[in-house]
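Read through the structure below, which is laid out as structure tokens, and then see the notes.
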Amino acid sequence: MARPAEPAMLRPAAILQRFDLVRLTRYGFASVAALAVDMGSFLLLLSLQVAAAPASAVGYSVGIVTHWLLSSRAVFTDTVAARGPQRTRQKALFVGSALVGLALTTLIVGAGDMAGLDPRIAKLAAIGVSFTATWLLRSKVVFRHID
């Protein structure tokens with residue numbers, strides 16, 4: 001007896017598309033690159049005796065610019081708006097999502113530092129929280145598919 005056809009939603013390609021794993025992977029690589037810029041700036045500022053929270057905020061801000069360039073050119077290429085008001089709106093939403101990540105990062109690093117934690121350890125915790133928050137905002141709001 002022939003096996004029943006596999007439901008479309010259980011096929012590997014459908015699973016990848018449903019969970020957007022390919023895009024998430026590209027987003028992960030873009031995030032690693034932006035994080036390298038962020039962390040490099042953060043560590044440089046710490047070495048210059050800048051306080052941990054402001055150093056974290058500056059590093060994150062430099063990473064924001066890097067992330068927009070990579071996200072709009074390598075991750076969300078099929079949902080980036082053309083020039084004009086929609087593109088401006090997308091950029092504003094992207095900056096808004098980045099500000100959410102910045103606030104989370106600054107609060108976590110600042111709280112960790114005040115609690116006596118090594119700021120680099122606090123920054124690692126902040127990275128995970130910020131990555132999750134910005135991925136959700138960017139994939140579901142900023143660069144959402146409009147069907």
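Every heavy atom of this structure was used, including side-chain atoms; hydrogens, water molecules and symmetry mates were not.
Just one of Leu70, Ile64, Leu69 meets the side chain to side chain contact (heavy atoms under 4.5 Å, CB included) condition when paired with Thr66; it is Leu70.
Rounded to the nearest 0.5 angstrom, Leu107 CG and Leu102 CG are separated by 9.0 Å. One distance of note links CG of Leu124 with CG of Leu35; it measures 8.5 Å at 0.5 Å rounding. Taking CD1 of Ile108 as the start and CG of Leu117 as the end, the distance is 11.5 Å to the nearest 0.5 Å. Between atom CZ of residue Phe131 and atom OG1 of residue Thr105 there is a gap of 12.5 Å, rounded to the nearest 0.5 Å. Summarising the geometry, atom OG belonging to Ser139 is positioned 8.0 Å from atom OH belonging to Tyr27; distances are rounded to the nearest 0.5 Å.
Between Gln90 and Val95 the shortest side-chain heavy-atom distance does not fall below 4.5 Å. By the 4.5 Å heavy-atom criterion applied to side chains, Arg23 and Asp78 are counted as neighbours. Taking 4.5 Å as the limit, every side-chain heavy atom of Val100 sits out of range of all side-chain heavy atoms of Thr134.
Note on Val142 and Val65: same hydrophobic cluster, where clusters join Ile, Leu, Val, Met, Phe, Trp and Tyr whose side-chain heavy atoms are under 4.5 Å apart, directly or indirectly. One hydrophobic cluster, built from ILVMFWY side chains closer than 4.5 Å, cannot hold both Val37 and Ile127; they sit in different ones. Clustering ILVMFWY residues whenever any of their side-chain heavy atoms sit less than 4.5 angstrom apart, transitively, puts Val62 in a cluster other than the one holding Val32. Both Val58 and Val50 are members of a single hydrophobic cluster when ILVMFWY side chains are connected at heavy-atom separations under 4.5 Å. Hydrophobic clustering (ILVMFWY, side-chain heavy atoms < 4.5 Å, transitive): Phe143 and Phe29 are in distinct clusters.
Annotation for Gly101 and Ser130: closest pair CA-OG, 3.4 Å, computed over non-hydrogen atoms. Pairing each heavy atom of Val109 with each of Pro119, the nearest pair is CG1-O, 4.4 Å. The two atoms that bring Ala55 and Leu45 nearest to each other are CB-CB, 3.7 Å, heavy atoms only.
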> How far apart are the C-alpha atoms of Asp38 and Lys123, what are their side-chain angles, what is the distance that settles it, and do they pass the salt bridge (charged side-chain N to carboxylate O under 4.0 Å, His left out) test?
Replying inline: CA-CA 11 Å; Asp38 174 351; Lys123 179 75 170 176; 2.9 Å; yes
>> Go through it in stages, so that I can follow the logic: the residues are Phe76 and Arg144, the test is side-chain contact (heavy atoms from CB on, under 4.5 Å), and I'd like the CA-CA distance, side-chain angles, deciding distance and then a yes or no.
In response: CA-CA 9 Å; Phe76 299 102; Arg144 77 178 182 278; over 6 Å; no
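In this structure a side-chain-to-backbone donor-acceptor pair under 3.5 Å is missing from Arg87 to Ala82. A donor-acceptor pair under 3.5 Å is formed between the side chain of Ser71 and the backbone N or O of His67. Counting only distance, with no hydrogens or angles, the side chain of Thr88 and the backbone of Gly84 share a donor-acceptor pair below 3.5 Å.
The side-chain tip of Arg138 points at the ring of Phe94 from less than 6.0 angstrom away and within 45° of straight on.
The local environment of CZ in Arg89 is sparse, with at most 12 non-hydrogen atoms from other residues, nucleotides or ligands closer than 6.0 Å.
No side-chain donor-acceptor contact under 3.5 Å links Tyr60 and Ser41.
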